[in-house]
There are 4 protein chains.
Amino acid sequence: MNKVILMGRLTKDPEMRYTNTNNIPVCSFSLAVDRRFSRQNEEKQTDFFPIVAWNKNAEFCSKYLQKGKKIVVVGRLQTRTWDDNEGKRHYITEVIAEETYFAESKKAEGSYNVDDYSPMAVSEQPSEGFVPIDDDDELPF
Amino acid sequence: MNKVILMGRLTKDPEMRYTNTNNIPVCSFSLAVDRRFSRQNEEKQTDFFPIVAWNKNAEFCSKYLQKGKKIVVVGRLQTRTWDDNEGKRHYITEVIAEETYFAESKKAEGSYNVDDYSPMAVSEQPSEGFVPIDDDDELPF
Amino acid sequence: MNKVILMGRLTKDPEMRYTNTNNIPVCSFSLAVDRRFSRQNEEKQTDFFPIVAWNKNAEFCSKYLQKGKKIVVVGRLQTRTWDDNEGKRHYITEVIAEETYFAESKKAEGSYNVDDYSPMAVSEQPSEGFVPIDDDDELPF
Amino acid sequence: MNKVILMGRLTKDPEMRYTNTNNIPVCSFSLAVDRRFSRQNEEKQTDFFPIVAWNKNAEFCSKYLQKGKKIVVVGRLQTRTWDDNEGKRHYITEVIAEETYFAESKKAEGSYNVDDYSPMAVSEQPSEGFVPIDDDDELPF
DNA sequence: TTTT
DNA sequence: TTTT
């Protein structure tokens, strides 16, 4: 099991790219997450984490997220290595976003907004032809 | 291990009470949480969960939360039994809130607000005379 | 957002059923989860939660789980209503299992076991023809 | 909000240290966490994450955990910087363990074991003179 | 109605 | 018994 849940703000607009061999969409950005406990009277502390989203979630992120937006990311931790030009190996720990939620509605209530008709969250899970899993009224017990 | 994380809105103002024997503060409310997957073309579905907060977190909730407010609750699931007047036993599953976060800032950005100086989150964990646990620059390795 | 993570033991063998209209597999069982904090010198306290798994996860649970087995369940909380024979409405809160993990290997290490070749975990997410999401070496950055 | 939940095995015995200025106990180790989805027919993939525990949880980890032990860690993600001897700044992402659970009982059932009388889990939260938070029978509603 |  |  490997779960990460973060609430924070994008430090920049997300970057959309595509995988070289399979042209899979990848979206990446950095999330600023405030710490809760710090030394008394100390100024606020913030951690910055690299987030990576794939496939449908990548498209969602690149379309609906911008710098400063407050979101909740549910995903998993992952480690990646890369070698710099001096041949030195670097380890980087990233959060792979599996679900993304808006954590605030920027617009005042009542004001029309094109976003009203857009999805509020997305996940890696299938959405077309999806067999209902919340099949409550048919529960056989 | 027993963890619950919910994002949703209060359906009413929270209720503050005190335990009979030890006068411990308890705050309770109901949280409306929208479902993510439903059958195609079906109307939105929502679950309603009873939330209970104790001690400092109870005081925080009763002070800063109101009907309609969007929050994130981190806590644990718990079961409680009570017997009705016919002597029938009932089982109820509640979420004990251990941490509470605001999930949106109602006020427009830039506008002065007394809340700017109030805590944005609270937990059951101690806060006075608290030995720092984020003691980074002193890490002995 | 709606996440639940529990570690505990099955109180009975799981029950496998099928939905009436769509014949969707549903597996249900009860999970005993020990509490961590109780009053000093008090006996251990345990909560019992109803767990429901659908589709592939239902088949996994009914095949690999038995009474007493220790597992980790990752899922979401859900509420369901049913009316008893006196027409009284009842509310029940269940955990919908989205991922299931074994939390201990019963057999001693080194001993051959048919389970060595069976899945250790399953989720609602697709597994056939699955486009890799851990496509690290192809990352375009 | 910042939550991480990992299940995996220690790659080495944990290392216990003490902070220079305040002599606070810190325990660190590396956790091997298997991935769930990998490309078809590919060999198993594993991520390795640095874990840091403080105070009481540090003492628990150093006392009860060893290389190979399977545990569940609940905590938070944190970033730390350090400068190497060439003055280059490095960023490292660590998991601060707030709660630690055993995920398997190594010994066969029935065999006496000193561990039977030791704590099965520990957290940063206070344990002495602890006002009960599971004060069920006194609930004023 | 409960598991180890 | 429900919120936006």
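FYI, side chains are in, hydrogens and waters are out, and symmetry mates aren't considered; it's all heavy atoms of this structure.
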What is the separation between atom CD on Gln45(C) and atom C1' on dT2(E), rounded to the nearest whole Å? 15 Å
Just to confirm, is there a sub-4.0 Å distance from OP1 or OP2 of dT1(F) to any side-chain nitrogen or oxygen of Tyr91(C)? yes
Checking side chain to side chain donor-acceptor pair (under 3.5 Å) for the pair Thr46(C)/Asp34(C): CA distance, chi angles, key distance, verdict? CA-CA 4 Å; Thr46(C) 304; Asp34(C) 290 338; 3.0 Å; yes
Of the options dT3(F), dT2(F), dT2(E), whose atoms approach the side-chain atoms of Phe48(C) most closely? dT2(E)
Round to a whole Å and report the spacing from CG of Leu6(C) to P of dT4(E). 18 Å
Ignoring the backbone of Lys44(C), work out which of dT4(F), dT4(E), dT1(E) is nearest its side chain. dT4(E)
Could you please name the option among dT3(F), dT2(E), dT3(E) that lies closest to any side-chain atom of Ser30(C)? dT2(E)
Salt bridge or not between Glu104(C) and Lys69(C)? Use side-chain N to carboxylate O under 4.0 Å. no
Please state how far atom CE in Met7(C) lies from atom C1' in dT3(E), giving the value in whole angstrom units. 14 Å
If the condition is side chain to side chain donor-acceptor pair (under 3.5 Å), which residues does Asn2(C) pass it with, not counting sequence neighbours? none
Nearest-Å distance for atom pair NZ/P, residues Lys67(B) and dT4(F): 6 Å
Taking dT3(E), dT1(E), dT3(F) as options, the one with an atom nearest any side-chain atom of Asp34(C) is dT3(E)
Over how many whole Å does the gap from Ile71(B) atom CD1 to dT2(F) atom P extend? 19 Å
Would you mind reading off the distance between His90(B) atom NE2 and dT1(F) atom C1', rounded to a whole angstrom? 16 Å
Sorted by chain and number, sequence neighbours left out, side chain to side chain contact (heavy atoms under 4.5 Å, CB included) with Asp83(C) holds for Arg89(C)
Taking 4.0 angstrom as the limit, do Glu94(B) and Arg76(B) come out as a salt bridge? no
Of the candidate nucleotides dT1(E), dT3(F), dT1(F), which contains the atom at the shortest distance from the side chain of Arg89(C)? dT1(F)
Would you indicate which nucleotide in dT4(F), dT3(E), dT1(F) comes nearest to any side-chain atom of Arg9(B)? dT4(F)
Separation of Leu65(C) atom CG from dT4(E) atom P, in whole Å? 14 Å
For Lys12(B) and dT4(F), what is the distance between atoms NZ and P respectively, to the nearest whole Å? 13 Å
